[in-house]
Amino acid sequence: MPDGRSAVKRRASLRLWLSGSWLALVALAALLAPWIAPHDPLAQDLFAGRLPPFFAAGADPAYLLGTDSLGRDVLSRIIHGARIALTVALMAGVATALLGSLLGLLAGYLRGWTDIVISRLVDIWMAFPPVLFAILLIAVIGTGLTSIIVAIVVIDWTRFCRVVRAEAMNQSKMDYVASATIAGQGRASILWREIGPNVLPTIAALLTLEMGIAVIVEAILSFVNLSISTDAPTWGGMIAEGRTSIHQAWWVLVFPLVVLFLTVLSFSQLGEGLKDRFDPVLR
Amino acid sequence: MILLRALLTRLATTVVTLFGAAVIVFFVIRVVPGNPIAMMLPPGATDEDIARLSAHYGLDRSIPEQFAIWFAGVLHGDFGASISLRQPVMPLVLGRLPATLELAIFALVLAVMIGGAAALTGTRLRNTRTEAAIDIANGVGLSVPDFLWALVLILLFGILVPVFHISGRISPSADLPFVTQFYVFESILRLRFDLWWDLLQHMFMPALALAIPLAAIIGQLLKQSLKETMHLDYVVLARTKGYAENKVIVSEALPNAVLPTLTLIGVQFTFLIGGTVIIERLFSYEGLGNMAIDAVINRDLPLIQGIVLVFALLFTVVNLVVDMTYALLNPRLRHA
Amino acid sequence: MSAFLEIDTLSAVLHGSSQRLLRSVRLTVDRGEVRGLVGESGAGKSMIGKAVLGILPAAVRIVEGIIRLDGHDILAMPASERRRVIGATAALIPQDPLTALNPSRRIGPQITNRLVDILGWSKAAAKTRALELLDEVHIDAPERVMASYPHELSGGMRQRVLIASAFAANPKLVIADEPTTALDVTVQKQILKLIREMQARHDTAMLFVTHDLGVVSKVCQKLTVLYAGKVVEDTAVAAFFEAPQHPYSKALLAATPKYTDPFASLLPVHESVIASANAEITAADQEWRHGR
Amino acid sequence: MAGETPLIRVSNLCVNLPDMTRKPLFGRAPLLAILHDLTFDIPAGSVLGVVGQSGSGKSTLARAMLRLIEPSSGQITFDGQDIAHFDEAALKPFRRKAQMIFQDPMSSLNPRHRVERIVATPLVINGQNDARARAAEALDLVGLSRSFLTRYPHELSGGQRQRVGIARAIAMRPQFILADEIVSGLDVSSQAQVLNLLERLVRELKLTLAFISHDLSVIRRLCTHVLVLRSGRIVEHATVEDVFGNPQAAYTRELMDAIPLPDPDQPGWKA
């Protein structure tokens with residue numbers, strides 16, 4: 001149905017475009033933070049506490065999006081927060097994808113004991129509530145950027161492993177795998193050259209999804225005071241602080257929340273868009 | 001017969017999973033660098049304090065020995081005593097579990113209602129703008145996790161248009177006649193619909209936050225399998241017989257299209273229950289998850305172990321129930 | 001008296017495109033007559049059946065033509081009325097017996113549901129009728145089959161059930177859409193004989209959609225050959241196998257395998273035949289656009 | 001051909017597979033005997049047609065002969081060597097000499113690879129240094145122009161895809177090719193083309209071919225010998241002239257009579 005397909009394509013490219021633009025903006029903010037942030041994100045000015053954003057009455061135009069209770073500039077903290085958010089997203093996302101996909105591919109293609117052991121591990125992992133697991137891990141190994149990344153990888157590899165395993169099993173049943181066997185291709189070669197490219201779009205979509213999740217996990221950990229440090233400008237920390245002063249200064253919660261929401265949404269939409277774009281049949 | 005054997009096999013793997021979970025929780029806390037006793041004590045405690053406390057909790061023994069002692073207790077239903085609350089773990093956990101269960105089940109019901117309605121509407125109005133709108137809503141719904149939805153809901157309906165409660169499980173002024181912790185259930189039994197209504201008003205926001213991602217997933221998957229089913233010959237055949245479109249969707253396509261969604265709900269419901277941990281925190285809802293976070297902050301090892309194990313048990317039971325329901329609903333397996 | 005099913009200058013396009021999928025198709029099926037509808041994949045043969053039964057995919061749009069079913073101009077009717085008329089007068093024998101029965105329902109209700117829900121029969125009368133029909137399609141233990149689920153029956157059995165179900169409401173037209181393509185040859189033979197027998201017994205008009213000229217020669221009296229949605233030959237079956245008229249039909253017959261005559265059959269369709277058939281299509285399209 | 005050692009000798013071949021229809025929801029499926037004690041030869045240069053209905057075990061036989069599955073018992077002697085229980089390393093020389101063409105090209109051609117890569121990969125794996133040139137040559141042999149080298153499988157028609165499958169098989173210059181129901185998904189016009197092509201290749205490349213099909217008419221056209229399978233057992237095995245001229249088994253007769261020939265006067269079809 002070329003008609004339906006072109007509508008799908010149009011929608012996919014629009015979504016790719018929108019989400020890509022927003023993420024590019026965030027990445028740019030992260031890269032250029034020290035130069036474009038109007039204020040020092042840590043500088044407190046107790047006389048300028050809880051100033052509203054520029055369009056509200058009583059605003060100070062020097063603080064575009066207002067200030068928090070300690071008089072820190074909300075916009076500057078959001079811009080610097082993008083650095084931490086993107087670092088966590090990239091490092092944790094890629095590491096999780098590598099570990100989980102590798103185990104998933106091995107389990108799904110080799111089957112047998114490898115599969116039994118890996119699947120059982122996944123089952124055990126899935127028996128923990130991930131948020132609680134994360135909080136517990138951080139409590140044990142200590143706070144900080146590296147700890148957060150390690151915790152995300154340790155907890156979320158199962159997400160890749162499950163999906164990639166199922167997909168690898170499906171692909172293994174296809175005749176092109178039988179054909180490669182007949183051609184004398186070894187198992188490693190089949191896994192890498194034949195099955196790999198067919199599983200890659202799934203991994204790519206999961207990867208961008210995972211990046212969004214990583215940003216959220218950081219926010220959740222900030223929220224229970226277990227992230228990096230209470231001072232550091234993280235979106236989660238700002239949201240946690242905004243939640244406590246929501247009746248006095250809504251903007252401290254709203255702006256980082258909107259940014260976080262759009263970023264997480266863009267990551268997942270980017271993944272879906274890329275998956276369609278990579279699909280040779282849809283393309 | 002086959003079902004019975006399957007059930008037994010499944011129970012065996014469940015036991016393995018739970019044991020594995022117990023081992024991992026136990027060792028993560030102890031093997032990973034960091035002294036749990038040092039975590040328990042305030043900064044500035046002397047080495048002597050640490051040694052004394054270690055001996056008190058049996059932490060001076062070797063780790064396998066500690067595990068053996070703890071696990072023997074668990075098998076007898078003894079999870080030890082909470083350090084921060086100075087009470088046995090088991091009654092503490094059981095006291096909080098009903099609140100979490102009620103919240104999770106309410107969220108599940110909401111998710112099935114919203115997701116089901118979206119899927120049916122999208123199928124009925126397929127290839128229209130309405131379907132496109134539903135697709136977009138589903139896409140946004142499942143891209144954004146419960147934590148963010150909770151914040152958005154707090155902002156919109158707690159602060160901006162304050163129509164719902166955003167804190168606690170029941171109004172503090174209410175005087176409670178309940179003997180169990182299943183408040184919602186018991187309020188119906190006691191015909192106290194005023195309390196029932198108050199409970200629902202408190203639960204609605206956290207439950208909706210938990211429900212939105214699951215509703216979107218159900219909406220998307222069920223619609224997809226409904227649309228696929230609509231192309232199958234038996235559905236086409238029903239249409240040639242003169243049945244109206246609504247009837248074809250609901251009575252021919254739905255019973256079969258629902259099966260793949262059902263297996264998915266199993267896993268997703270455990271994710272939802274996992275989500276209660278942070279959602280309860282956000283809404284100051286006195287459930288198991290909120291207690292778990294306190295336990296971690298207070299470094300209350302026995303309590304953490306107990307709570308995590310109860311969650312693990314809950315998850316495996318949910319999966320078991322879903323698998324069995326699937327087998328019962330699928331005539332192919334039922335009559336095997 | 002006019003034919004029971006009459007299709008006149010029926011053209012259909014894919015939504016949003018001007019390319020025709022059906023090109024001014026014209027055919028008739030009389031009472032008691034079986035008409036074969038033959039073509040290769042993509043020729044639009046199944047689409048004609050779907051158009052008659054009102055089950056075209058949403059993306060296909062009929063742009064001109066008339067479908068007259070038992071005197072009713074069904075394309076001119078409102079949808080609910082059309083559904084009722086089609087449900088009461090026509091029936092479908094679908095292609096794949098594996099997917100044509102609802103896996104979560106017992107066989108009995110799947111045969112009787114039209115009688116009870118649409119035509120208002122009593123349950124008991126519908127059940128009696130179903131047992132009678134299962135007997136007509138030579139099913140030995142009709143009571144047991146009625147209580148079974150589809151997965152408990154073999155492919156041949158399921159196709160028998162579907163045939164019984166198609167004839168349940170005494171339809172005046174039955175459309176068989178490749179009803180034996182998914183079956184093994186030995187089962188196919190039984191099912192083809194059964195379809196012929198049921199059609200004769202009920203004196204129905206039948207449109208038999210297939211890609212297999214061998215099958216056509218066994219069940220049909222009339223034959224319509226389609227190429228790219230256009231009727232290239234409309235003739236009696238006996239005359240066709242004697243001497244097909246259109247070059248494309250000739251090539252099709254020559255390409256059809258025949259173990260009794262291996263070297264005179266299975267001849268590839270010559271490129272010049274395809275080229276001239278395509279030229280015919282282009283000419284017809286030009287004329288059509290001109291006429292509009 | 002008598003007296004000559006056959007290229008392939010299958011003796012007492014049995015295959016049992018897990019029965020997925022009786023597989024419990026969890027746990028292992030019970031085993032089901034698919035092939036029972038099959039013994040037959042394929043002489044070098046012959047074309048063996050294997051015919052049977054669904055459930056006859058013909059596809060399992062194909063997969064066992066090419067060692068995609070390991071037989072439960074029995075021997076498969078290829079070129080004098082029993083390969084029935086070799087592991088992948090030991091099979092390496094066999095893999096160079098025996099190829100397969102699959103029923104469904106949508107599944108057997110990797111959707112993410114271009115035609116050139118699909119045809120050349122087996123050559124590269126087996127250490128041919130002129131793989132690209134030979135892939136292009138193979139495409140010539142199956143009558144596809146070289147512009148197809150850069151296409152993806154989904155950009156081809158059904159008949160073209162099946163030609164790519166054939167090109168991949170012959171590019172290795174194998175002694176033996178097994179074709180599993182390769183024309184059953186095609187329209188009659190493409191079917192005739194693919195069969196003609198296969199017949200020419202067998203002649204020109206001196207191939208030994210096993211051709212699995214449910215259609216006796218196609219087998220009659222292409223094969224020198226016929227093997228009739230029913231429920232995993234050999235019902236009849238003879239030259240094509242003998243089987244069609246004077247079938248020994250009642251089952252073979254029944255199969256032949258059931259084929260609807262394009263002929264209104266075919267005997268046995270009158271009511």
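Lettering follows sequence order; numbering is per chain, from 1.
Minimum interatomic distance between D:Ser217 and C:Leu266 (heavy atoms only, all atoms of both residues): O-CD1, 4.2 Å. Here the shortest heavy-atom pairing between C:Pro257 and D:Pro262 reads O-CD, 3.9 Å. Across every non-hydrogen atom of C:Lys193 and D:Gly268, the tightest pair is NZ-O, 3.5 Å. D:Arg221 and C:Pro262 get closest at one heavy-atom pair: CD-O, 3.2 Å.
Both the backbone and the side chain of C:Val215 come within contact range of chain D, judged by heavy atoms closer than 4.5 Å. Proximity to chain D is limited to the side chain of C:Leu192, based on heavy atoms less than 4.5 angstrom apart. Of the atoms belonging to D:Asp257, heavy atoms from both backbone and side chain fall under 4.5 Å from chain C. Interface residue C:Lys258: backbone and side-chain heavy atoms are both found under 4.5 Å from chain D.
Atom CG in C:Leu267 sits 11.5 Å away from atom CG in D:Leu195 (nearest 0.5 Å). Between the OG1 atom in C:Thr260 and the CZ atom in D:Arg220 there is a gap of 9.5 Å [rounded to 0.5 Å]. Here the CD-CG distance, from D:Gln53 to C:Leu183, works out to 10.0 Å after rounding to the nearest 0.5 Å. Note that OH of C:Tyr259 and CG of D:Leu261 are 5.0 Å apart. Values are rounded to the nearest 0.5 Å. Atom CG of residue D:Asp187 and atom CG of residue C:Leu252 lie 8.5 Å apart, to the nearest 0.5 angstrom. Considering NZ of C:Lys189 and CD1 of D:Ile259, their distance stands at 10.5 Å, rounded to 0.5 Å.
Note: D:Met256 leads D:Glu254, D:Met256, D:Gln266 in heavy-atom pairs under 4.5 Å with chain C. Contact count against chain D (heavy-atom pairs under 4.5 Å) is highest for C:Ser217 among C:Ser217, C:Ala255, C:Ser265. Annotation: maximal heavy-atom pairing with chain C below 4.5 Å, among D:Gly158, D:Pro264, D:Ser190, occurs at D:Pro264.
C:Glu40 and D:Ser189 share a side-chain donor-acceptor pair at under 3.5 Å.
Within 6.0 Å of atom NE2 in C:His270, 12 or fewer heavy atoms from other residues, nucleotides or ligands are found, so the atom counts as exposed in its surroundings. At most 12 non-hydrogen atoms from other residues, nucleotides or ligands lie less than 6.0 angstrom from CD of C:Glu271.
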